[in-house]
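Have a look at this one.
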Number of protein chains: 2
Amino acid sequence: MPAASDSTREALLNAARELAQTRGYNAFSFRDLSDLIGVKTASIHYHFPTKADLGRELVIRYREQLAELTRQIDARTSDPGERLDRFIAILRTGLKKGTRMCLGGMFGAEYSTLPGPVQSEVRTFFEGCESWLVNVLAAGRESGRFRFEGNPEQAAQALFASLEGAMMTARAFHDESRFVTAADLATRALSNHE
Amino acid sequence: MPAASDSTREALLNAARELAQTRGYNAFSFRDLSDLIGVKTASIHYHFPTKADLGRELVIRYREQLAELTRQIDARTSDPGERLDRFIAILRTGLKKGTRMCLGGMFGAEYSTLPGPVQSEVRTFFEGCESWLVNVLAAGRESGRFRFEGNPEQAAQALFASLEGAMMTARAFHDESRFVTAADLATRALSNHE
DNA sequence: GTTGGATGACCTACTACTAGGTAGGTTTCT
DNA sequence: AGAAACCTACCTAGTAGTAGGTCATCCAAC
């Protein structure tokens, strides 16, 4: 019921997510959250016993939000090309005009310094994205929309890595168009031209 | 004369580079270096007044080493396809079997928290890699070896982002083959099939 | 009167960085 | 040649500040 508490928890998660996407896990502190939300650092430990707990929930939420969005894509269209386009549009939105990175890409870079439970959620995030892309790519190849060599698993891994890399460079150069054109070229590279 | 000092400085740079490629700039400390090299943290400041100075030199060195290697590629072969293959092989070697990331990718993710002077070196690193790739791709399209839409600059940016992303995921999954197959697919996507 | 939520005060460990000193070698001056 | 001056490379011992985390306490709502 505690609408106040629930909203505090929610506010903490939202602020932490932004900090994590801009600065990374290692470069934001409970004090940062305290300043941002206006709650003492000791109180943060009430909602999240440890920073690892917070980090873990951050990734889980991020993953589930993206899963929900892909479900909406699946419901809206069955065309593989359009599905991929919409997926890319979602990632682009997350960049916030080149001011943020994907949480997965950020935590992927910080991977070796993350607490174990956070690491495994990060891997699950990647695997989830890739498995959705596997279906899209496999269906697209079947329908003649896509063309690529190797199995769909490898193509999905390569595609997702490309998109993550493009989000990273877009943020570093503060230039969203770097992501847009890279995603565009990746999509065309998969397309069947004949 | 300063054979001892020069080797200490060298040892610090090598250790710092490994730490930076595995843990990142924000996640290694002068104490880590102290423990690794066996010199007190205060003495590290003798060689590098601030951590930013160390970080800056790290990126400059990394960039110059890669520039030297691309020069060797250019001297050895003029075939665009082979040049790209060799470039990819250099990046693969740097992964150390999936235990390290590219320094550029790591610092790219940490970008917003890096000291200004380090940031600008990181950008220069990216621009250097991309401009070398621009030449390779442009020559390859000219010769009929490569085929891609848009200008070579965009293609080079997208390709390099793909490779960086693939290095990131390869490290997270401790699986070098993720990079190898992704690089392979990226190369094939650029190839002219007819 | 118990419980959910927040607090102040505190702790330990660590961060980059600095002040001042020193052993040993080289350079310079006489 | 010998003394004075200087330099390199490192040290001990410290600075102020920050990290995540603990604990007893408080207060309002049911």
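Scope of the values below: all heavy atoms of this structure, side chains included, with no hydrogens, waters or symmetry mates. Just so it is clear: chains get the letters A, B, ... in the order the sequence lines come, proteins before strands, and each one is counted from 1.
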- [ ] Under 4.0 Å from any atom of DNA chain D, heavy atoms only: list the residues of residues 106-118 of chain B that qualify, in numerical order.
- [x]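 Heavy-atom contacts with DNA chain D come from no residue of residues 106-118 of chain B; none.
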
Task: Partners meeting side chain to side chain donor-acceptor pair (under 3.5 Å) with Arg141(A) (sequence neighbours left out) - done: none

Please tabulate, for side-chain N and O atoms in residues 153-161 of chain B, each donor-acceptor pair with protein atoms closer than 3.5 Å (sequence neighbours left out).
none

TODO: May I have the distance from Arg9(B) (atom CZ) to dT8(D) (atom P), rounded to whole angstrom?
DONE: 13 Å

- [ ] Kindly say if Ser43(B) contacts the phosphate of dC11(D), meaning a side-chain N or O under 4.0 Å from OP1 or OP2.
- [x]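 So the side-chain polar atoms of Ser43(B) do come within 4.0 Å of the phosphate oxygens OP1 or OP2 of dC11(D), strictly under.
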
Task: Main-chain N/O of Ser29(A) paired with Asp32(A) side-chain donor or acceptor, under 3.5 Å - done: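 Yes: the side chain of Asp32(A) pairs with the backbone of Ser29(A).
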
Open item on the list: Looking at Phe173(B), I'd like to know if the NZ or CZ of Arg178(B) sits under 6.0 Å from its six-membered ring centre while staying within 45 degrees of the ring's axis.
Closed with: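 Yes, Arg178(B) and Phe173(B) form such a contact.
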
Task: Nearest-Å distance for atom pair NZ/P, residues Lys40(A) and dC10(C) - done: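 Value for this atom pair: 15 Å.
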
Produce the list of close N/O pairs, under 3.5 Å, pairing protein atoms with atoms of nucleotides 17-21 of chain D; give distances to one decimal.
from    : atom 1 : to       : atom 2 : distance (Å)
dA19(D) : OP1    : Ser29(A) : OG     : 2.9
dA19(D) : OP2    : Arg31(A) : NE     : 3.1
dG20(D) : OP1    : Phe28(A) : O      : 3.4
dG20(D) : OP1    : Lys51(A) : NZ     : 3.0
dG20(D) : OP2    : Phe30(A) : N      : 3.0
dG21(D) : OP2    : Lys51(A) : N      : 2.7
dG21(D) : N7     : His45(A) : NE2    : 3.3

Task: His47(B) side-chain N/O to dT8(D) phosphate OP1/OP2 under 4.0 Å - done: no

Open item on the list: Can you see whether Tyr46(B) has Lys40(B) sitting over its ring - NZ or CZ less than 6.0 Å from the centre and within 45° of the normal?
Closed with: no

TODO: May I ask you to check whether Arg145(B) and Ser191(B) show a side-chain donor-acceptor distance below 3.5 Å?
DONE: yes

Task: Partners passing salt bridge (Lys or Arg N to Asp or Glu O under 4.0 Å) against Glu149(B) (at least two apart in sequence or in another chain) - done: Arg188(A)

TODO: Could you state the atom-to-atom distance from CD1 of Ile44(A) to P of dT7(C) in whole Å?
DONE: 10 Å

Open item on the list: Just N and O in the side chain of Thr8(A): are any of them under 4.0 Å from OP1 or OP2 of dA6(C)?
Closed with: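 Thr8(A) to dA6(C) OP1/OP2: side-chain N or O found under 4.0 Å.
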
Task: Protein-nucleotide distance (Tyr46(B), atom OH; dT8(D), atom C1'), rounded to Å - done: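 In whole Å, dT8(D) C1' and Tyr46(B) OH are 4 Å from each other.
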
Donor-acceptor pairs are to be reported for all side-chain atoms of residues 96-108 of chain A against protein atoms at under 3.5 Å, with residues two or more places apart or in another chain.
from      : atom 1 : to       : atom 2 : distance (Å)
Thr99(A)  : OG1    : Lys96(A) : O      : 2.6
Arg100(A) : NH2    : Glu18(A) : OE1    : 3.3

